[in-house]
Amino acid sequence: MSFWGSFWDIIWWFLLAFVFISYLFALFAIVADLFRDRKLNGWWKAVWIIFLIFVPFLTVLVYLIARGSGMAERSNAEAASARSAADAYIQQVAGTSPSDEIAKAKALLDSGTITAEEYNTIKAKVLR
């Protein structure tokens with residue numbers, strides 16, 4: 001009987017593929033969490049890795065049960081840190097607010113560096 005011989009063989013193959021891929025996602029998430037956790041001693045990290053190698057499915061279940069809530073907290077903290085870093089970078093690159101740009105243009109107009117027409121152009125561009 002060939003591999004694709006029956007409908008149930010196909011369903012069984014897809015179920016096994018799904019379980020294996022789910023296991024890989026959990027495994028990578030656990031390894032990433034182990035190295036992200038600053039409170040866990042290096043020796044305990046090594047013990048978890050050794051158990052992940054030799055008793056993989058049981059270790060994944062135990063880790064998710066025992067340290068799942070901390071795993072979520074560390075993941076949320078990492079996401080918040082990345083979000084704040086991205087926001088700070090965008091703020092730095094984007095420059096100042098429109099009111100600051102208009103105030104700078106007004107100061108240039110008052111000092112005579114630019115004309116009233118140039119000031120109005122800058123103001124219109126900033127307000128768009």
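In what follows, residues are counted from 1 in the order of the sequence shown. Just so it is clear, the model here is predicted, and its values are computed rather than measured.
Here the closest non-hydrogen pair linking Thr113 and Ser111 is OG1-OG, 2.9 Å. Considering every non-hydrogen atom in both Leu40 and Trp44, the closest pair reads CD1-CB, 3.6 Å. Minimum heavy-atom separation, Arg74 to Arg36: O-CD, 3.8 Å.
Residues passing the side-chain contact (heavy atoms from CB on, under 4.5 Å) test with Asn76, sequence neighbours excluded: none. Looking at residues two or more places apart in sequence or on another chain, you find a side-chain contact (heavy atoms from CB on, under 4.5 Å) between Glu118 and Ile114, Thr115. Every side-chain contact (heavy atoms from CB on, under 4.5 Å) that Trp8 has, sequence neighbours left out, goes to Ser6, Ile11. Residues forming a side-chain contact (heavy atoms from CB on, under 4.5 Å) with Phe18 (at least two apart in sequence, or on another chain): Ser22. With sequence neighbours excluded, no residue forms a side chain to side chain donor-acceptor pair (under 3.5 Å) with Ser84. Remark: Ser99 pairs with Ser97 by the side chain to side chain donor-acceptor pair (under 3.5 Å) rule, at least two apart or across chains. For Asp87, there are no salt bridge (Lys or Arg N to Asp or Glu O under 4.0 Å) partners, not counting sequence neighbours.
Transitive grouping of hydrophobic side chains (ILVMFWY, heavy atoms separated by less than 4.5 Å) keeps Val19 and Phe14 in distinct clusters. Both Ile30 and Leu24 sit in one connected hydrophobic cluster of ILVMFWY residues. Membership requires side-chain heavy atoms under 4.5 Å apart, directly or through other members.
Connectivity analysis of hydrophobic side chains (ILVMFWY, heavy atoms under 4.5 Å, direct or indirect) links Phe25 to Ile21.
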Go through Leu16 and Phe20 one step at a time and tell me if the side chain to side chain contact (heavy atoms under 4.5 Å, CB included) criterion holds. CA-CA 6 Å; Leu16 288 177; Phe20 180 70; over 6 Å; no
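Sorted by first and then second residue, the salt bridge (charged side-chain N to carboxylate O under 4.0 Å, His left out) pairs involving residues 17-30 (not counting sequence neighbours) form an empty list.
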Ignoring hydrogens and angles, write down the donor-acceptor pairs under 3.5 Å from the side chains of residues 45-71, residues two or more places apart or on other chains.
residue : atom : partner : partner atom : Å
Lys45   : NZ   : Leu34   : O            : 3.4
Lys45   : NZ   : Asp37   : O            : 3.0
Thr59   : OG1  : Phe51   : O            : 3.0
Thr59   : OG1  : Val55   : O            : 2.5
Tyr63   : OH   : Asp33   : OD2          : 2.4
Tyr63   : OH   : Arg67   : NE           : 3.4
Arg67   : NH2  : Asp37   : OD2          : 2.3

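Taking CG of Leu127 as the reference point, atom CD of Glu101 lies at 11.0 Å (rounded to 0.5 Å).
Panel note: side chain Ser81, backbone Ala77; no donor-acceptor pair is recorded below 3.5 Å.
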